Amino acid sequence: MASNDFQPLQGMSDISAPNIYIWRMIEEKARAIFTCYGYEELRTPVLEKLSVFQRSIGDATDVVKKEMYSFKPSKHEIAMRPEGTAGTIRHLAGQGEEGLNARVFYIAPMFRYERPQAGRKRQFHQIGVEATGVPNPLADAECIALQKHLLDEWGLSGSRIQISTRGEPSDRKPVADGLRSALQPHLDDLCDDCQRRIDENVLRVIDCKNPSCGKIVDQIPSAIEFMSEESRNYLDQVIQALEGMGIEVEVDPKLVRGLDYYVHTVWEITHGALGAQNAIAGGGRYEIALGKKGVPGVGFAMGMERVITSLEACGITADQFAPEGGIWLISLGADALTENMKLCRELRAKGIRCGMDLEAKSMKAQMRKANRVGAEKVIIRGEDELANGTVVIKDMNEGSQNTVSLEDIIRDA
RNA sequence: GUGAUUGUAGCUCAGUUGGUUAGAGCGCCUGGUUGUGGUCCAGGAGGCCGCGGGUUCGAAUCCCGUCUUUCACCCCA
């Protein structure tokens, strides 16, 4: 394509055939599995009041601070959702008691104004769930089990589940203080970014990618060790429940989830096929304050684009899910054209995939077309067939053909 | 926001130190005697060389800007 005029906005893309087939496979299988687990679909608006995101995701997070598409068309400042949890909880919080014990899923586009990169678009798609209810390690474990079930059903192999905990809000200060004092002796050896992070957000030091910082972090106690016994027990119970279900996870205290609403269990699923953004999914337990209510829940979001990239690395590609077969009708002469329109309509009414050229073309051209669209069979009708009430039906794979009556075709189709 | 990188037919890409009508493969269309596809043969259509400036007798090629692609940082799915 030579011109930019036909391109979508930066970081956004059209999803068309054949790629769309893998999207549909993912969505269809996901919906079926969600139904098995008792989840209902929820579709919230793309636009919400800005405050919905500020309150739940956190004012200070990058997502809210610099990555949102927001504007003020009237009284309220509004924004396009950068993730699905905030809107979902906004909905559930308005449902009274029922909303506090609900299971919903969504499959929807999200928007973040960032520089595009491997596995990162400005419009991307998430498939996620939220299960509200009082904190319960078994709920967290079930949520991870559900996610694993999805990956297995899609056919994804080679993913890793890493789990950690953020503890309770009351753990945050002891953790931050503990880490700071543990890092203090190594201050000079930390990278410039970490020198800054140690005051601003000490947890970020923990997952610094700089190797020399990593070495220091390995020497000091993990964040989990500064947490209360209750918090550590909670994580242990989640892990035990997962083990009981035969699901392998790696405990990684370095795992940091940036969104403010997380408490207790957090996890991430990564895949080696991805680039620097190697997480195909993230999840965790949260407590989101809305009005006077604090809505507790657990949920996850999977990046569909990243799932697809990973699936492709496993040899699972869109063309495997393309529709195939079907019948191509060939018309010789104007009368055959109109008669085939009728026949097409009858076949389609029976759910049969069929098609035909809508203009008079040579037989050769029509046969070529039949071949190109991958038709399993062709039906040929010309003057003779119309006169006799028959059609010629040809098997494109065998190359064999015979003449049958029109009624038989319609009945047996 | 920072730093790299890309842009030539529908697709994948050539295009020599600036020099006449910008090429290939694949795809597409039409034929290869009456109404038969995939293979083969022949022919054909299709390019503001991303866009806008500049340098030059002359720019796809050099310079500047801009948009876009890809990748990394930051952060996240």
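Chain identifiers are assigned alphabetically (A, B, ...) following the order of the sequence lines, protein sequences preceding nucleic acid strands; residue numbering begins at 1 within each chain. Bear in mind the structure is a predicted one, so any value in this text is a computation, not a measurement.
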- Please tell me if the side chains of A:I316 and A:F321 come closer than 4.5 Å, counting only heavy atoms from C-beta onward. yes
- Query: Considering only B:rG35, B:rC73, B:rC74, which nucleotide approaches the side chain of A:M363 most closely?
  - Reply: B:rG35
- Message: Given the structure, check if the side chain of A:Q277 and the base of B:rC75 hold any donor-acceptor pair shorter than 3.5 Å.
- Response: yes
- Task: Report the distance from atom CG of A:L9 to atom P of B:rU66, rounded to the nearest whole Å.
- Result: 19 Å
- Could you measure between the two P atoms, the one in B:rC11 and the one in B:rA72, and give it in whole Å? 25 Å
- Message: If you only use heavy atoms from C-beta on, which nucleotide in B:rC75, B:rU30, B:rA77 is closest to the side chain of A:E67?
- Response: B:rC75
- Record whether the side chain of A:K364 comes under 3.5 Å of the base of B:rU36 through a donor-acceptor pair of N or O atoms. no
- Task: Establish, for the pair A:R122 and A:Y113, whether the NZ or CZ atom is under 6.0 angstrom from the six-membered ring centre and no further than 45 degrees off its axis.
- Result: yes
- Could you tell me whether the side chain of A:Q401 has a donor or acceptor atom within less than 3.5 Å of a complementary atom in the base of B:rG35? no
- Task: Determine the interatomic distance between P on B:rU70 and the same-named atom on B:rG58; round to the nearest Å.
- Result: 37 Å
- Query: For B:rG25, what is the paired nucleotide under Watson-Crick or G-U wobble rules, both distances under 3.5 Å?
  - Reply: B:rC11
- Message: Rounding to an integer number of angstrom, what distance separates B:rC64 and B:rU55 when you compare their P atoms?
- Response: 15 Å
- Query: What interatomic distance, in whole Å, is found between P of B:rC26 and the corresponding atom of B:rG38?
  - Reply: 15 Å
- Considering only heavy atoms and no angle criterion, is a donor-acceptor pair shorter than 3.5 Å present between the side chain of A:N371 and the base of B:rG37? yes
- Query: In the strands shown, is B:rU36 matched to any nucleotide by a Watson-Crick or G-U wobble pair with both distances under 3.5 Å, and which?
  - Reply: none
- Item | A:R257 side-chain proximity, nearest of B:rU69, B:rG31, B:rA77 | B:rA77
- Task: Could you tell me the separation between the CD1 atom of A:I57 and the C1' atom of B:rC75, rounded to a whole number of Å?
- Result: 13 Å
- Message: Suppose we define a pair by two distances each less than 3.5 Å, Watson-Crick or G-U wobble; what does B:rG52 pair with here?
- Response: B:rC64
- Please check the phosphate of B:rC29 (OP1 and OP2 only) for any side-chain N or O of A:R372 closer than 4.0 Å. yes
- The side chain of A:V392 lies closest to which of these nucleotides: B:rA77, B:rU36, B:rG37? B:rU36
- P atoms of B:rU2 and B:rU68, separation to the nearest Å: 14 Å
- Task: Could you check how far CD of A:E385 sits from P of B:rU36, rounded to whole Å?
- Result: 12 Å
- Message: Taking the ring centre of each residue, are A:Y261 and A:Y286 less than 6.0 Å apart?
- Response: yes
- Message: Suppose you measure atom P in B:rG15 against the same atom in B:rG50; what distance do you get, rounded to whole Å?
- Response: 15 Å
- Message: Any residue in residues 299-324 of chain A with a heavy atom nearer than 4.0 angstrom to RNA chain B? Just list them by number, or reply none.
- Response: A:A301, A:G303, A:R306
- Message: Under 4.0 Å, heavy atoms only, any strand: does A:K369 hit a base, just the sugar-phosphate, or nothing?
- Response: nothing
- Assess whether atom CZ of A:R43 is packed by more than 12 heavy atoms of other residues, nucleotides or ligands within 6.0 Å. no
- Query: Any donor-acceptor pair under 3.5 Å joining the side chain of A:R115 to the base of B:rC74?
  - Reply: no
- RNA chain B: 5'-proximal contact among A:Y113 and A:L274 (nearest heavy atom): A:Y113
- Query: To the nearest Å, how far apart are A:Q117 CD and B:rC75 P?
  - Reply: 12 Å
- Message: Over all strands shown, is A:I280 touching base, sugar-phosphate only, or nothing at heavy-atom distances under 4.0 angstrom?
- Response: sugar-phosphate
- Task: Give none if B:rA42 has no partner; otherwise give the nucleotide forming a Watson-Crick or G-U wobble pair with it, both distances under 3.5 Å.
- Result: B:rU30
- Task: State, with a plain yes or no, whether a side-chain heavy atom of A:R180 is found less than 4.5 Å away from one of A:I198.
- Result: yes
- Task: Would you mind classifying the nucleic acid contact of A:K377 as base, sugar-phosphate or nothing, using non-hydrogen atoms under 4.0 angstrom?
- Result: nothing
- Item | Sugar-phosphate only, base, or nothing, as touched by A:G374 at under 4.0 Å among non-hydrogen atoms | nothing
- May I have the distance from A:D59 (atom CG) to B:rC75 (atom P), rounded to whole angstrom? 18 Å
- Item | Whole-Å C1' distance, B:rG27 and B:rU12 | 11 Å
- Residue A:E114, side-chain heavy atoms: nucleotide from B:rC28, B:rC75, B:rU69 that is nearest: B:rC75
- NZ (A:K29) with more than 12 external heavy atoms under 6.0 Å: yes
- Message: Base, sugar-phosphate or nothing for A:A370? Non-hydrogen atoms, less than 4.0 Å.
- Response: nothing
- Message: Can you measure A:Q7 atom CD to B:rG7 atom P for me and round it to whole angstrom units?
- Response: 13 Å
- Rounded interatomic separation in angstrom, taking CZ from A:F6 and C1' from B:rC48: 12 Å
- Task: Could you give the distance separating B:rC48 and B:rU8 at their P atoms, to the nearest angstrom?
- Result: 12 Å
- Per side-chain contact (heavy atoms from CB on, under 4.5 Å), A:I161 is matched among A:L242, A:I269, A:T270 by A:I269
- Counting only heavy atoms not in A:K342, do more than 12 fall under 6.0 Å of its NZ? no
- Message: Nearest whole Å is fine: how far is B:rU69 P from A:R122 CZ?
- Response: 8 Å
- Around A:E383, counting heavy atoms of other residues, nucleotides and ligands shown, do more than 12 lie under 6.0 Å from its CD? no
- Ring centers of A:F105, A:Y39 separated by less than 6.0 Å: no
